[in-house]
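Small disclaimer: the values here were computed from a predicted structure and weren't measured. Throughout, a chain's letter reflects where its sequence line sits, starting with A, and its residues are numbered from 1.
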There are 2 protein chains.
Amino acid sequence: MPDDPSLLDQPAPATVEEFRERLAAITDGLPKRLRQCADYIAANTDRIAVSTVADLAAGADVPPSALMRFCQILGYSGFSEMQRLFREAYAPGWPDYATRLSNLKAGGAGSPAALVAEFVEAGRVSLEGLAKSLDPQALDQAVRTLAAAETIHLVGLRRAFPVASYLAYVFEKMAVPAMLHDGVGKLDHRFALRPGDAVLAITFAPYSEETIALAQDAAARGLAVVALTDRLTSPLARAATSVLTVSEVDFGAFRSLSATIALAIALAVAVGSARD
Amino acid sequence: MPDDPSLLDQPAPATVEEFRERLAAITDGLPKRLRQCADYIAANTDRIAVSTVADLAAGADVPPSALMRFCQILGYSGFSEMQRLFREAYAPGWPDYATRLSNLKAGGAGSPAALVAEFVEAGRVSLEGLAKSLDPQALDQAVRTLAAAETIHLVGLRRAFPVASYLAYVFEKMAVPAMLHDGVGKLDHRFALRPGDAVLAITFAPYSEETIALAQDAAARGLAVVALTDRLTSPLARAATSVLTVSEVDFGAFRSLSATIALAIALAVAVGSARD
DNA sequence: CGGTGTTTGGAATATTTATTCCATTTCTGG
DNA sequence: CCAGAAATGGAATAAATATTCCAAACACCG
């Protein structure tokens, strides 16, 4: 490679964060084999700690020597030095959590503690799924829509109701005008929807008729509708100006709300600060 | 060690789960050095994948050869074979989640996507905290109490209301008689509490007066009260027959509900099945 | 098309790491 | 307190893994 001082003489990345930045920065303008290394490493960063040079080289489909050169380009003296970073950083999350989980599960398949372990695991996987599948564009759009609204109408029934009520709580805390459509007394308050308002509708399969009806009504009257649902093909999506999806892993017949709640609060906080 | 066939001739554990079981099974009745190995390995299982024999031996304060013997006692041909198990088992959950998270955060400190990443992380840590700090005894007791009740009265206001309403939903699904005290119209329905019923009260700092009042009232009338709160010293704990605690990591001034929801659903499912 | 500088693959070597072996020490039961 | 068995530590060896080096292939430029 050329002796480009902007890439070479820098000190080696000392944290995983820095490592990713450097990787992204240099990937362009790398020759074929080295780029293969960069791509493979970017997609398999987590395996560095537990692999040998030969393993990774085979994965990237390059000879080991190419991988060595790659490590040196990143600023390390060799593979071992780079690996040390990942071996040391390897722990967060796990310290004795896995032990605990398996102890809880050991209590007996149907025991309450084992159930907690299952739902903890389901929640964790759902959260990771949220991070992986979130569409930042759609989120930005939803935030802009809601931030521009006069009053935000929250609607979510049955399993979605806790989410809607939580949003109502957070909006209240942040002094954002919001109204929770809770269906009490089968009063539907649909004339509370005024021009300039927006609707945040939440529903998951099996979708609530009432929620969809309110969203459609609002859309027909020209109001912006943000949908929080489980699939882009949800019936709610058709009525919506922007759609956010989040899927929860289920355990048996039951489905938690961990990821949905996380997305909801992030949305609320983003809207709250965008309005300031 | 003695040629005890019950410990020796078994095949080596092939999963992490099996590994832990075997470890627990043999630890007693091991000579000093080998027991040091067992203890250290049990407390640092997660580091096997990224350590050398020398590292682990140093940690356990034994010579490397002792650790080798230990691996063989577990049924492996040597350390490398044992390590392979942990290196291969390491993958689930992570595929590119960390990359995604750091990409989301890179979007800008205050960007909506970065907020989602923060709350996802907070939720994950909270869930792990729940797994680590859960007291199975207290949980069993809470389940027994609620399973024995005629009607379960749910009370939780403000931030705890989503949890209470979610519980109401799950109990309904499972055909468990439950009543949600939602405070609509400031009607407090406290005479709905009948002998033989139980109260499941939920509140977090700053604690809701109304929730505590209802719990105290129920306790005074001799009803069982299960508390779901953030600390054992919570004012709710004094009125309760059994106390479950769960703490949420906060991000800025905001606190999610990921762990609380997970505990709640597990509790509800356990109660539901205990009643059958 | 030839020369210069870059990139590449693989074989040779250095280093680290795992594993075995055995002399010595420490237990155990009589 | 002694004999035999078990356990231990460390030095010697084997295996694996990382790293370097260089000849050959390649790309670019005049």
Side-chain angles (χ1 to χ4, degrees), chain A residues 1-9 12 26-41 44 47-88 90, chain B residues 1-9 12 26-41 44 47-88 90:
Chain A
M1 74 260 134
D3 293 281
D4 183 340
S6 71
L7 295 183
L8 276 169
D9 310 328
I26 65 160
T27 298
D28 298 328
L30 234 42
K32 186 164 165 239
R33 288 283 111 105
L34 294 178
R35 169 177 271 267
Q36 278 174 254
C37 293
D39 290 344
Y40 185 78
I41 291 289
N44 298 77
R47 298 218 62 86
I48 296 175
V50 295
S51 301
T52 64
V53 173
D55 289 346
L56 292 174
D61 198 28
V62 300
S65 50
L67 218 150
M68 286 306 299
R69 273 193 296 275
F70 177 73
C71 297
Q72 287 161 354
I73 286 174
L74 283 169
Y76 300 100
S77 69
F79 176 75
S80 300
E81 190 178 308
M82 180 174 107
Q83 188 179 51
R84 184 160 48 247
L85 168 64
F86 291 91
R87 288 195 163 176
E88 280 163 10
Y90 173 91
Chain B
M1 76 259 135
D3 296 280
D4 183 340
S6 72
L7 296 184
L8 275 171
D9 310 327
I26 66 160
T27 299
D28 298 328
L30 235 41
K32 186 162 165 247
R33 289 281 108 107
L34 294 177
R35 170 177 269 265
Q36 278 174 253
C37 293
D39 290 344
Y40 184 79
I41 291 291
N44 298 78
R47 299 219 61 84
I48 296 175
V50 296
S51 302
T52 64
V53 173
D55 289 345
L56 291 174
D61 198 29
V62 300
S65 49
L67 218 151
M68 287 305 301
R69 273 193 295 276
F70 177 75
C71 297
Q72 287 161 354
I73 287 174
L74 283 169
Y76 301 100
S77 70
F79 175 75
S80 300
E81 189 178 309
M82 181 173 106
Q83 188 179 51
R84 183 160 50 246
L85 168 64
F86 290 91
R87 290 193 163 175
E88 280 163 8
Y90 171 75

Let me confirm one number: the [atom1]-[atom2] distance from [X] to [Y], rounded to the nearest 0.5 Å.
{"X": "A/Cys71", "Y": "A/Ile41", "atom1": "SG", "atom2": "CD1", "value": "7.0 Å"}
{"X": "A/Thr52", "Y": "A/Leu67", "atom1": "OG1", "atom2": "CG", "value": "10.0 Å"}
{"X": "A/Met82", "Y": "A/Met68", "atom1": "CE", "atom2": "CE", "value": "9.5 Å"}

Rounded distance in Å - [atom1] ([X]) to [atom2] ([N]):
{"X": "B/Tyr76", "N": "C/dA18", "atom1": "OH", "atom2": "P", "value": "16 Å"}
{"X": "B/Met82", "N": "C/dT17", "atom1": "CE", "atom2": "P", "value": "17 Å"}
{"X": "B/Arg35", "N": "D/dT8", "atom1": "CZ", "atom2": "C1'", "value": "17 Å"}
{"X": "A/Glu81", "N": "C/dT16", "atom1": "CD", "atom2": "C1'", "value": "16 Å"}
{"X": "B/Gln36", "N": "D/dT8", "atom1": "CD", "atom2": "C1'", "value": "11 Å"}
{"X": "A/Arg84", "N": "D/dA18", "atom1": "CZ", "atom2": "P", "value": "13 Å"}
{"X": "A/Phe79", "N": "D/dT20", "atom1": "CZ", "atom2": "P", "value": "14 Å"}
{"X": "B/Arg87", "N": "C/dA18", "atom1": "CZ", "atom2": "C1'", "value": "12 Å"}

Margin query: So if I define the base as every atom that isn't primed, P, OP1 or OP2, how would nucleotides 25-30 of chain C read as a B/S/- string at a heavy-atom cutoff under 4.0 Å?
Written below: ------
Note to self: It should be established whether B/Ser80 places a side-chain nitrogen or oxygen under 4.0 Å from OP1 or OP2 of nucleotide C/dT17.
What the structure shows: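 Indeed not, no polar side-chain atom of B/Ser80 lies that close.
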Check: Phosphate oxygens OP1/OP2 of D/dT20: is one of them under 4.0 Å from a side-chain N or O of A/Gln72?
Finding: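 Affirmative; the distance criterion is met.
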Next item on the list: Could I get the full list of side chain to side chain contact (heavy atoms under 4.5 Å, CB included) partners for B/Ser80, not counting sequence neighbours?
Entry: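 Scan of B/Ser80 (side chain to side chain contact (heavy atoms under 4.5 Å, CB included), adjacent residues dropped) gives none.
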Notebook entry, point to check: Which comes earlier along DNA chain D counting from the 5' end, the contact point of B/Lys32 or that of A/Gly78, where each point is its nearest nucleotide?
Noted result: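 The residue mapped nearer the 5' terminus is B/Lys32.
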Item checked: A/Asp39: side chain to side chain donor-acceptor pair (under 3.5 Å) partners, not counting sequence neighbours ->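 A/Asp39 satisfies side chain to side chain donor-acceptor pair (under 3.5 Å) with no residue once adjacent residues are dropped.
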Margin query: Just to be sure I understand the geometry, which residues of residues 50-70 of chain B put a non-hydrogen atom under 4.0 Å away from DNA chain C?
Written below: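 Contacts with DNA chain C under 4.0 Å: B/Thr52, B/Val53, B/Ala54, B/Ser65, B/Met68.
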Could you go through residues 31-38 of chain A and list every donor-acceptor pair under 3.5 Å that involves a side-chain atom there, pairing it with any protein atom two or more places apart or in another chain?
residue, atom, partner, partner atom, Å
A/Arg33, NE, A/Gln36, OE1, 2.8
A/Arg33, NH2, A/Gln36, OE1, 3.3
A/Arg35, NH2, A/Thr27, O, 3.4
A/Arg35, NH2, A/Asp28, OD1, 3.4
A/Gln36, NE2, A/Ala60, O, 3.0
A/Gln36, NE2, A/Asp61, O, 3.2

Notebook entry, point to check: For residues 56-83 of chain B, which residue pairs qualify under ring pair (Phe, Tyr, Trp, His ring centres under 6.0 Å), counting only residues two or more places apart or in two chains?
Noted result: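 Output for this query is empty, none listed.
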Next item on the list: Kindly write out the residues that satisfy ring pair (Phe, Tyr, Trp, His ring centres under 6.0 Å) with A/Phe86, not counting sequence neighbours, or none if the list is empty.
Entry: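 Only A/Phe19 meet the ring pair (Phe, Tyr, Trp, His ring centres under 6.0 Å) criterion with A/Phe86.
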Check: Counting only N and O atoms by type, is there a donor-acceptor contact under 3.5 Å from the side chain of B/Gln83 to the main-chain atoms of B/Gly78?
Finding: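 The answer is no, because no donor-acceptor pair under 3.5 Å joins these two groups.
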